[in-house]
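Okay, so here's the structure we're looking at.
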Amino acid sequence: MTHSISRRAAVKRLGALGLSVTGAGLAAGLGLVSRASLAASDDYRVLVVVHLQGGHDGHDVLIPTDGAYLDYAKVRGDLALAKDSLIALNGNSAGHTFALPPALKSLAPLYNTGRLAMVANVGALIKPVRAVDVAAQAALVPPFLFSHSDQTAYIQGWMGDADPSGWAGRAVELMPAALRKTMPVISYAWDSTLVLGRTSRFAQAQAGGGQYWGASDLNQPHDVSTSALQALGNLQSNNLYEAEYARTFRATFQDATALSLASAKAGVPAGNFGSDSLATDLRHVASMLPVFKAQGVRRQVILVSLGRFDTHVTQRGSSEFSLDTQLAIVGPALAAFDTAIRAAGLDQNVVTLTMSEFGRTLLPTATGTDHAWGNNWLLMGGLVQGGQVLGTLPSLVLGGPDDGDPYKKGRWVPTTSSDQVGATLMQWLGLPSEQLLAAFPNLSNFAQKTLPLLRA
């Protein structure tokens with residue numbers, strides 16, 4: 001596993017060294033440097049990505065209620081969600097009728113009013129492959145397919161140890177300068193491959209603090225201790241290591257200051273946010289977006305994460321890391337965020353995507369599920385082609401036409417690539433179509449590069 005270790009080391013090293021952003025950077029976007037050249041604009045677009053860590057079980061996020069429910073219940077047995085407990089969704093889509101689990105009931109109104117869509121059977125792909133070839137081990141598949149760390153990085157765009165960047169970070173660098181020079185790429189998550197660029201870095205944010213660096217108050221730039229910290233970034237040295245340390249420290253200090261000052265300007269967002277970590281992060285994001293927009297920021301990608309969805313033995317129940325408990329965090333937090341976005345007048349400016357490194361097997365273990373591949377993701381916002389399931393639901397039959405597992409455990413081969421989803425969203429943000437393959441190299445293997453996920 002040398003491959004995984006060196007990849008993680010590279011991502012961790014690059015993430016820690018320089019929490020700055022492309023071009024004029026976060027400080028410019030928030031008015032900490034001259035804004036004479038920054039034209040005011042209402043052309044503000046934000047992609048918020050919620051990564052559900054551990055591989056969440058899409059089978060219990062989107063449940064068919066027609067004949068396919070019998071296939072689901074037959075395989076899941078005692079772990080199957082009872083049909084009369086499900087929250088029905090309006091209409092027919094992708095050839096089925098569907099429902100949500102009780103834990104996600106707060107999202108049903110969003111789906112039924114066209115603000116929420118599901119993307120079915122999506123996952124990391126190098127090229128389109130057939131389940132029969134995967135089962136015969138005769139297909140090209142992503143490396144270390146069922147490894148959490150590798151697939152978290154891969155689905156976020158990692159191209160190998162020589163290029164640890166992610167698809168959002170690469171795409172931001174390829175956007176027109178007028179869009180990206182004041183666009184911060186921000187992460188609230190630990191594993192931030194998604195927002196890491198090839199030549200730029202990202203700003204690390206935290207909802208619960210950041211104003212104080214020891215005794216220094218970043219909101220008081222003329223305070224003695226704050227000025228002393230700032231001076232560390234201005235040190236000059238002929239030693240390359242010392243010079244790089246000073247440069248990196250200066251960028252980190254400037255970004256931390258900018259985020260702290262923006263947070264001080266932020267109001268309390270609308271929405272019934274809880275006190276869990278996801279709600280706390282999304283509340284902070286919701287409070288910051290109006291500030292960013294008012295300061296002239298044009299484009300943003302913001303990454304947050306939640307959970308321990310590796311539910312080998314905790315599919316059901318009320319324990320802290322059961323699927324039921326964690327989905328009961330996801331649903332209300334996303335619903336509150338949607339309320340806040342609409343109340344802030346940003347309904348046409350923000351798209352929210354949930355993703356995970358892989359799905360779970362349809363065939364359960366004794367009390368849980370195992371690592372799999374294709375999964376069901378959520379897409380939310382006023383611009384989303386909502387009220388429908390986008391993509392193709394796999395046949396929920398062990399050993400069926402979509403099962404790539406040689407032992408027939410229900411590991412679905414994705415029919416939609418995560419790169420197709422990412423490319424669609426980054427093109428909406430401003431990535432030129434001629435730059436799609438530079439940001440998403442694997443799309444060269446796909447006839448269809450983007451998908452009809454958003455309204456024109």
Side-chain angles (χ1 to χ4, degrees), residues 52 55-121 272 274 276 307 309 311-336 338 354 356 359-370 372 374-380 386-398 400 402 409-410 412:
L52 303 179
H56 85 285
D57 182 19
H59 293 116
D60 281 354
V61 167
L62 179 66
I63 306 104
T65 54
D66 51 12
Y69 175 83
L70 299 177
D71 297 327
Y72 159 83
K74 177 181 177 181
V75 177
R76 279 290 165 96
D78 291 342
L79 293 185
L81 292 167
K83 192 172 184 178
D84 60 7
S85 74
L86 302 177
I87 312 301
L89 298 175
N90 291 346
N92 292 268
S93 192
H96 298 276
T97 56
F98 291 100
L100 298 178
L104 294 180
K105 63 182 179 181
S106 56
L107 297 183
L110 303 184
Y111 182 96
N112 291 336
T113 56
R115 300 187 55 77
L116 181 80
M118 300 284 187
V119 187
N121 199 23
N272 185 22
D276 57 86
F309 283 88
T311 51
H312 288 281
V313 294
T314 53
Q315 194 78 3
R316 302 271 79 89
S318 59
S319 64
E320 181 181 4
F321 296 116
S322 74
L323 181 67
D324 297 331
T325 297
Q326 293 184 91
L327 289 183
I329 291 172
V330 172
L334 289 177
D338 183 72
T354 69
S356 199
R360 316 295 297 187
T361 55
L362 182 62
L363 184 69
T365 61
T367 58
T369 54
D370 206 349
N375 204 352
N376 300 321
W377 293 0
L378 306 178
L379 194 62
M380 182 178 76
Q388 61 183 314
V389 175
L390 303 164
T392 305
L393 189 78
S395 170
L396 303 182
V397 176
L398 301 183
D402 300 300
K409 294 185 177 182
W412 314 130

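Note that the structure is a prediction, hence the values are computed from the model and not measured. Each residue takes its place number in the sequence, starting with 1.
- A heavy-atom distance below 4.5 Å is not found between the side chains of Thr314 and Glu320.
- The CG atom of Leu390 sits 13.5 Å away from the CH2 atom of Trp377 when rounded to the nearest 0.5 Å.
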Exercise for review: Go through the steps to decide whether Arg360 and His312 satisfy the test side-chain contact (heavy atoms from CB on, under 4.5 Å), and finish with yes or no.
Suggested key: CA-CA 9 Å; Arg360 316 295 297 187; His312 288 281; 3.9 Å; yes
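- The side chain to side chain contact (heavy atoms under 4.5 Å, CB included) test applied to Ala103 returns Leu327, Ala328, not counting sequence neighbours.
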Check your understanding: Going through the checks in order, is the side-chain contact (heavy atoms from CB on, under 4.5 Å) test met by Asn121 and Leu393?
Key -> CA-CA 6 Å; Asn121 199 23; Leu393 189 78; over 6 Å; no
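- Listed here is the closest heavy atom pair of Val61 and His56: CG2-CD2, 3.6 Å.
- Not a single ring-ring contact (aromatic ring centres under 6.0 Å, His included) links Tyr111 to another residue, sequence neighbours left out.
- Proximity of Trp412 to His59: side-chain heavy atoms (C-beta onward) are separated by under 4.5 Å at one or more points.
- The CG atom of Leu89 sits 9.5 Å away from the OG1 atom of Thr97 when rounded to the nearest 0.5 Å.
- One N or O on the side chain of Gln326 and one on the backbone of Phe321 form a donor-acceptor pair closer than 3.5 Å.
- Checking side-chain atoms of Asn112 against main-chain N and O of Asn90 turns up a donor-acceptor pair under 3.5 Å.
- For the atom pair CG (Leu379) and OG1 (Thr354), the distance works out to 8.5 Å, reported to the nearest 0.5 Å.
- Residue Ser319 comes nearest to Thr325 through the heavy atom pair O-OG1, 2.7 Å, listed as atom of the first residue, atom of the second, then distance.
- The shortest side-chain heavy-atom distance between Arg316 and Leu323 falls under the 4.5 Å cut-off.
- Between Val330 and Phe309 there is a side-chain heavy-atom pair separated by less than 4.5 Å.
- Side chain of His96 to backbone of Gly67: no donor-acceptor contact under 3.5 angstrom is found.
- Rounding to the nearest 0.5 Å gives a distance of 12.0 Å between CG of Leu107 and NZ of Lys105.
- Ala73 approaches Ala80 most closely through the heavy-atom pair CA-CB, 3.9 Å.
- With hydrogens and angles disregarded, no donor-acceptor distance shorter than 3.5 Å links the side chain of Asn272 to the backbone of Ala336.
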Practice item. Apply the test side-chain contact (heavy atoms from CB on, under 4.5 Å) to residues Arg76 and Thr369: give CA-CA distance (whole Å), side-chain angles for both, the deciding distance (0.1 Å), then the verdict. Key: CA-CA 9 Å; Arg76 279 290 165 96; Thr369 54; 3.5 Å; yes
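- Between the side chain of Tyr72 and the backbone N or O of Ile63, no donor-acceptor pair lies under 3.5 Å.
- From Asp324, atom CG reaches atom CG of Leu104 across 10.0 Å, with rounding to the nearest 0.5 Å.
- Rounded to the nearest 0.5 Å, atoms NZ (Lys409) and CG (Leu362) are 13.0 Å apart.
- Evaluation of the side chain to side chain contact (heavy atoms under 4.5 Å, CB included) rule for Asp276 yields Leu278, Ala279, Ile329 as partners, not counting sequence neighbours.
- Nearest heavy-atom pair across Ser106 and Leu110 is O-CG, 4.4 Å.
- Leu100 places a side-chain heavy atom less than 4.5 Å from the side chain of Met118.
- Looking at every heavy atom in both residues, Thr65 comes nearest to Leu86 through CG2-CD1, 4.2 Å.
- Enclosure of atom CG in Asp66 by more than 12 non-hydrogen atoms of other residues, nucleotides or ligands within 6.0 angstrom is indicated.
- The nearest pair of heavy atoms linking Val389 to Ala94 is O-CB, 3.9 Å.
- Checked against Gln315 for a side-chain hydrogen bond (donor to acceptor under 3.5 Å, both in side chains), the options Thr365, Thr367, Asp60 give a single hit: Asp60.
- A donor-acceptor pair under 3.5 Å is formed between the side chain of Asp402 and the backbone N or O of Ser395.
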